[in-house]
Structures are given as C-alpha cells and as structure tokens.
Amino acid sequence: MPSETAKPPVKLSLPLEYQQDCFSELRNEDELVILARGLGLLRVVTNLLHSYDAIGSNLVVVVGADERENGWIGEALAEHAAISKTPAARGLSQVNTDMMSVGMRERMYSHGGIFSITSRILVVDLLSKLLSPETVTGLVVLHSERIIATSIEAFIIRIYRQMNKAGFLKAFSDNPEPFTTGFAPLASMMRNLFLRKPSLWPRFHVTVAKSLEGRKKAEVIELEVPMTDGMRDIQHAILECVEVSIGELRKADTGLELDDWTLDSALHKNFDVIVRRQLDPIWHRVSYRTRQIVNDLSVLRGILHALLTYDAVSFNKYLDTILAAHQPPPGSNRQNQSPWLFLDAANTMFETAKRRVYTGKPIDGEVPEASGALPDSLRPVLEEQPKWALLADILEEIERDAYFNPGIRDDSSGTILIMCSDQGTCRQLREFLQNMHVRPQQTNEDDAADGDAEVKASATFMMRRKLRNYLNWKKDFARVSASLFTENQKVLEGFTDQRGADGYRGKGPPNKRRRVRGGSSAAFGGGRPGNSSLQMAEDRESQVAMLLADIQPTDADGAQKDEVAIDSLDDMEDYFELYEMSDLVVVHPYDGDMDEHVLEEVRPRYVVMYEPDAAFIRRVEVYRSSHDDRNVRVYFMYYGGSVEEQRYLSAVRKEKDAFTRLIKEKGNMAVTITLDGTAPSDPQEQFLRTVNTRIAGGGRLAATAEPPRIVVDVREFRSSLPSLLHGRSNVVVPCMLTVADYVLTPYICIERKSVRDLISSFKNGRLFNQAETMLQHYKYPMLLIEFDQNKSFTLDTFGTDHTTTLSTANNPQDLQSKLALLTLAFPRLKIIWSSSPYQTAEIFDELKKQQEEPDPIKAVQIGLIAGEDPSDQSFNQTPQDMLRAVPGMTEKNLSRISLEVGDLADVSNLTEEELDVMVGKEAGRQVYRFFNRSVLED
C-alpha cells in the first residue's frame, strides 16, 4: 500500500466553508456523503481525487460514473495538476469494453493512477485477480443511492472489503429521497456500502447556509406569469382526468397500500413508475381496465407537461396523435378505449386545445369535391405562450440596463443565459427570439398598425409557419393512420384464420349479429365508423383549404432564412465570426452537474430561468458565493397557480423531508461492527459440507474446508446472480465460456434465461443450438428459467406485455408449447423454474451438495475448436447480440464471422459470395438479403 504520509503541495479549488469541511472529513475517515442537489458534489469529488492523484503512486478506482461525469472529472484533474504543478499526477484513465484489452488493462493497473472502470469489467478483473484488491489504495463510489444488495456495485465493494481492510472507501450521492424508502433504509444502504458514518449536507445545514448567505447574494427577481384562460381550462380538465383515473385504481381492490396514490403525488415524474412497481407482483391478477388506467396516467402526465412547454399548435398536434393512438382498428367491436377519453373533461381538453389554434364550427355532412363551395368558417387564433411576451420584456429591460448603466464592470461577461427544461423548449425559444420582430403583413389594417406592432415582440410569424406545417401534416397523418389500420386489420384477420372463432376480432358472425349490437340505439356491428364511436368533429377540406390560403407565406416570411439542417461548413471564414460575449444570448437546457460548467465557462451577468429548477438555483448561489467579483441577476419565471409551481414547491418540500428523516435515522442508527465483507457461516458446516454419508457398499468418507467453486461466464455479470452466489460463500470464477452460462460440477452445466431472453432465444432458434451443445459435452445439462424478484411468478404477465412480439402477446400459450417441443427434442435437458435470483442461489447450493468441484480450464476448453485460443472469444457482446437476431445466423456462423470481420458495418457490406465462403450458401443468402433489403418495399 503506498504511503499517504507524504503531503506534496496541493492546491484545491474549494472556496466555500462547507466544501472545505466536507473535504477534511473525507480525508480523515471513510463515510457516505449525501449532499443536497446543486451544492457542487462533483467539485468535492474532483478535489478529493486530485489530493490522491498528486502523490502519483496511488491506485484509486472510481465506480458508478457515467460518460459525462468521466469527462468532467478528467478535465478537472488535468486542470488541478496544471495549477498545482504536480508532475507525478497521472489524471483520469477510463477503462471500458471498447478500448481496453486484458493485457493493456493489466499494464495500466500496475502503473497506478485514477481509474474510472465500468462495473462489469471491474468485477471480473477483481475476481480474476487481474486487478488485485490488495493493491488498490481506495474506492470512490458515485450515485450510491443506486446501490442495492443485488447490484453489481455492491458486489464490487464486498470483494474489495474482503481482500483489502486498509484501503479507503468513500461514497457520494446528491439524491436523498431513495435513502428514505423502506425499513431503516439508511442503515441498509450503509451495510451495502460497508460504511459506518453518514455525512449529511442539506441546504438548511448551518455551514451551508452561512457559506451561501453570508457573502454578497445574487439578485433574484421572481416573476409570476398568469396562464391564459384556455391553458387554465385544459389544466383543470387534465387534473380531473387524473383524479378520476386514480379513483378507478382505488376501486380496483388490488390489496395494496394506496395512501400515496393522490393527485399531489401524480404530478411527480416517477408516479406512474411507482404505481407499476407496486402492481408488478400481482400484475397477472390485475384486470385489463386497471392496466389500461396505469398506462393512461403516464399519458396524462405527458399531456400536462406538454401544456406548459409546447406552443398551442404543437400541443394540438400532440393531442391528435394521442387520440389516434387510442382508436381501435376499423370494424372492431371491442370497447377498449381508455376510460378518461369518455369524460366531459377530455372533450373540454380537445376542444379548448383546438380553439387555441383556430376557431370556427365545422359543418356536418359529406365533404364536397369543390374546395370553394363553402364560405370560409375557420380563422387562425394562434394563442401565444404567456412566457414569450415576458421573456421579450426581460430582454428589453436587460438591454436598457446595459445601455443606461455601462459603467458597471466586473468579471462577468455580460452574456444572457436562458435556462429551460429540455432541448425542445430550447429550439422553441431560439425560433421565437429569432423571429419575434418579424411581422407578416396581410391587410391594409395591418399596415396601418404596423408602427405599433414593431414595438412589441410577437410570435405571429413563428405560429403561422407552425400552423401551415400542422395542416399539411394532418393530411399526411390521416393517410398514414388509414394505412396503419389496414395493416392492423390484416394482422387481425391472419389471427382469425389461425385461432378460429375464439380469436375473431372483427364483426360478429352473421348469425349472432344481435348479440354484438349491445344496448345502443345505433347498430355498431359491421357498419361501425372506421374511427370508432369516439369520433371528434373533423374540419372539412374546404375550411382547411381556406385557412391555409389565409396563412400563406408573405413577403416578410420569404425574407426569413430557413432552418439549416446540414451545413458542410465550406467557406467558413466568410460566414462565421466570433461574437463578443456581451452580445450573446445562450439558451441551454438544465443538465444536472454540467450546469456548473456552463456557469463557469459563460460567466453570465443575467440568468433567465424560463422554468423553475431548485437545483439550478443552488448552483447559482454557489457560483455567486464562490466569486466575489461576478455580479449575477436572476429572473425566475413560473406560471402562477399551475402544476409547474406546485411541482417545484413539492420537490423542495420532499427533499427537505427526506433530509429530516435521514437526520433522525442517523441519530438512532445502530453501529455496524462487522464490516469485513465475509458472510457469517458455521465452521462445522463449512468443514463438513462435502461429507458423503452414503458409505455403505465401499463408499469413501471425504470432507474438505475448501469453499465451493462455480465457473461463471463473464457475460453473466450483468445479472445479480453472481453477486448472490458470492454472498453465499461460493468462489465465483469468471471465464469466457463457449458452452452454458454456469458450470457447477464436472457434469452439471446450466444455461440461464430470463423470460425476455427465453422469448427471443426461441424466436431466433438460438436456444435449440445451445441445448444441443450442452448435451454433447455435459452429462446433466439444465435450462434455468429465472423470473424477476419483484414480478409475478407466472408467464401470463408476459403474454400481455406490450414489449413482447405480437404473436406472443396475443397467444401466451405459444411460449409454453415451444417449451414442450424443446423437452420433446431434448429429453435429457432438465428445466429449472426459479422465482428470483435468491431462489436460484439456493437451488445452486442444493445441486452442488456432495459433488465434485468444476475445473475452470476444462470448462473454458469445452466447445472450442482444437487449437483455438479462449482469449479469441472475447468479443464485444452488444454487436454479437445484434448479429444473433439476423436470419441464418447460428452460433457457429456467428463465431466464424466474429473472427473474420471487424465490425457490424463490415458485415453489412459483405457480398453474397464472401458470405457463402464464411457461413455457407443458404445462410449467406439469408444474411445478405437481410442487410440489402429495402425498407420501403414489402
């Protein structure tokens, strides 16, 4: 272990007191740091890593960092090394599947440094001793809220702690809510992390409050924007639909705890996920109507978000797509539409959304052929979002302020930074800001009022263009919908032929027409309208034509340049130049910790928060408190009385409540004594675990204290099973296996399949090949079908899952019949059903009792061609999985192509003759046709 006593001069960038205190605690002892969002978690992490990196001889591993965080940490470490002038610092090295071979990784580990390693590679390297845990100086774990007992990160920490008692272990999180769900959640998380001390840093922490409020604070101007009447009516209608849907869920009598199923909870992003997770264990017993309502909740939440972020035309277009998606196929008698669509509130929503775009009552009757036969009854309304006008006023105020107060000079750049929720809103604001002073001139009245119109910004030009695109889109959309319904009808008719009368989904048989008419006054039977009884009033072609004529591009429209989709950047010097920072308006989406980079790089004088975000407010506070010489004015916009305001206040309250509960649990938490990572076991049981008690007839009594060994394919480390096996005191040996996924004894091999894998393996025929190879090389081959722990132990769930194939979704018995065929084809193949990975680990223990241990070298060599090197089998798994889905691709063909061809692009460009040589004539023809088939042809 490298010594940490030598302390070279290290310069840190921690200007605030709470950051310095947090850093000092971390250097002195191992702990879990839970920091409120926006308080600069990554800044603390990078300074901590730099303090170890500066010594030069340390080997520190970062676990759980995503791609963007790796970029941030690497850049920050390089910057720190340059400022501190520490020549021994090595910076961050990323280790991932695509770049590093086994030999290269071994050389890099021997040299030391800071490594960010993907979890699957790290666990294999630790188990295979490619990276010896004893040589690791310490482990830094990010996103520790994601670490549960079965996660691969918990497996890594357990291996590290078992083999290395002296190395440090620091865990970080900026998401306190997951630490407060369940029984004693903080204690459970600390046990998973093998840590004893939590360190909590909420916004109301005394040191944090003093650091952010003691110095000169940012100037904040809060702007409450009233919603339009149409937006308010639509919001009330959506909330009514949500309330009714939740009420229907409560009536379903699922036997679950329903206290959290309230309208307030439904406004949060993960409500539909929580409801689905609670229903998963009983999903096979839940009615079709309940499943539909669960899906409807996510749809309604999407509409609620779209109301406040989309413009009126885009919102109406979004509702059109939702309505079309909920229409049953033509001729269908099934009333399977979502219940909320039949509420009066839904009708209010659709009608009000249309009135925000254009008005005029459609005239019922047949559409005449002559487009000019009817008078124009539609006129554009094009309601603008209220925030747009306020944004224009803010920019005008900033411009006046900069003009009349030019003397204020500080380190800020004068840039205006506009922050919003997503890229779609960014594009919308950019288009508005580019065109807000463009005025399409239509009539003399408009010309007379033109002088007044130029003073005030308007989105008329942008909205007219969107309406033109919408009306043209709607014509094409109607044609596409009709063709989709026709295709769907063909599929239904195909199932009718296969399944007989029970599967008939069209109109009822001629001799039973009375029974399908129901109690309605109109006979729906075969003469039902193509888009079902829920038919919205459609605008007539003549009215749409006149409306289009009314909003045709004018001279002012033609003068505006179109959006540039692709720019070759030829003659770049003639058209591009560097702007002064004071002239820039930067529109940027909220992006978590990356927003700190934006603030540091742009150094804005003015920040406009187009939508509220609690974490970004804190980032601005930290930014302002960290820089005495940078003045910031923040404009904080929100819709008054809206879901947006309620969601923001609720998110702040939930975080505060979470920290309060964590502080309380920390005060009452018992101290965990055993933190060595070894599972407790009975010594006598461990010693006598392989005693053969059947000594009659010349049997031999044998005993061993050696722990049981299981050979595991390296691709299986994506699942939680290897971690659970290791937790039950098994030695897990990772190898690149050609046959099976797990080898328990010299005679028993197991191929593990989740239900998803099972369906896809049956579809592409891969399972039959795997069963065949297992039978060739092992005496007792077994197929393990493993279900998810949190879902029901039944196949019916997957018969109704929208992610499965159409044939499986409509006929769940299809999977069972294929399993029966598999057992008939391979009578020696045993099938094990397991309800969860926990049960699987128990089953493995039972199978290994009184059995010999497997030889990893023999297990790797089984299935290889004579003289073939096992290391040649270590290909990237994702392209291989993609190739397995290609017609004609067997396991043998796959291995041959993987050895001959570099990547998927090269495979797709192979000629039919080249494929014939590699995989055979018939298989080569299928592969070639797959890659060269036109997607536009049937």
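Computed from a predicted model, the values in this text were never measured in an experiment.
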**Message:** Could you tell me if the side chain of Leu783 sits less than 4.5 Å from the side chain of Phe826, heavy atoms only?
**Reply:** no

**Prompt:** Can you find a heavy atom in the side chain of Val63 that is under 4.5 Å from one in the side chain of Ser119?
**Reply:** yes

**Request:** Verify, without hydrogens or angle tests, whether Asp855 (side chain) and Ile857 (backbone) share a donor-acceptor contact under 3.5 angstrom.
**Result:** yes

**Request:** Report yes or no: does Arg728 contribute a side-chain atom to a donor-acceptor pair with the main-chain N or O of Phe844 at less than 3.5 Å?
**Result:** no

**Asked** At their closest point, which heavy atom of Leu737 faces which heavy atom of Ala859, and how far apart are they?
**Response** CD2-O, 3.6 Å

**Message:** Are Leu910 and Tyr928 packed together at the side-chain level, in the sense that at least one heavy-atom pair is separated by less than 4.5 angstrom?
**Reply:** no

**Request:** Determine the interplanar angle of the Phe717 and Phe155 rings, folded into 0 to 90°, and report it as parallel if under 30°, tilted if 30 to 60°, perpendicular if over 60°.
**Result:** parallel

**Asked** Is atom CZ of Arg929 surrounded by more than 12 heavy atoms (other residues, nucleotides or ligands) closer than 6.0 Å?
**Response** no

**Message:** Measuring only between side-chain heavy atoms, which start at C-beta, is Tyr780 closer than 4.5 Å to Thr745?
**Reply:** no

**Message:** Taking Met782's backbone N and O only, do any of them form a donor-acceptor pair with Lys830's side chain (distance below 3.5 Å, no angle check)?
**Reply:** no

**Asked** Are any non-hydrogen side-chain atoms of Pro854 and Lys848 less than 4.5 angstrom apart?
**Response** yes

**Item:** Minimum side-chain heavy-atom gap Ile114-Ile73 below 4.5 Å
**Value:** no

**Asked** If you look at every heavy atom in Asn70 and Leu92, which pair is closest and at what distance?
**Response** O-CD2, 3.4 Å

**Asked** Does the Gln861 side chain pair with the main chain of Lys858, one donor and one acceptor, at a distance under 3.5 Å?
**Response** no

**Prompt:** Without hydrogens or angle criteria, can the side chains of Arg752 and Ser834 be said to hold a donor-acceptor pair below 3.5 Å?
**Reply:** no

**Request:** Enter the distance from Ile759:CD1 to Lys818:NZ here, rounded to the nearest 0.5 Å.
**Result:** 9.0 Å

**Prompt:** So which pairs with a foot in residues 892-918 pass ring pair (Phe, Tyr, Trp, His ring centres under 6.0 Å), sequence neighbours left out?
**Reply:** none

**Message:** Please tell me whether His143 and Glu153 have a donor and an acceptor in their side chains that are separated by less than 3.5 angstrom.
**Reply:** no

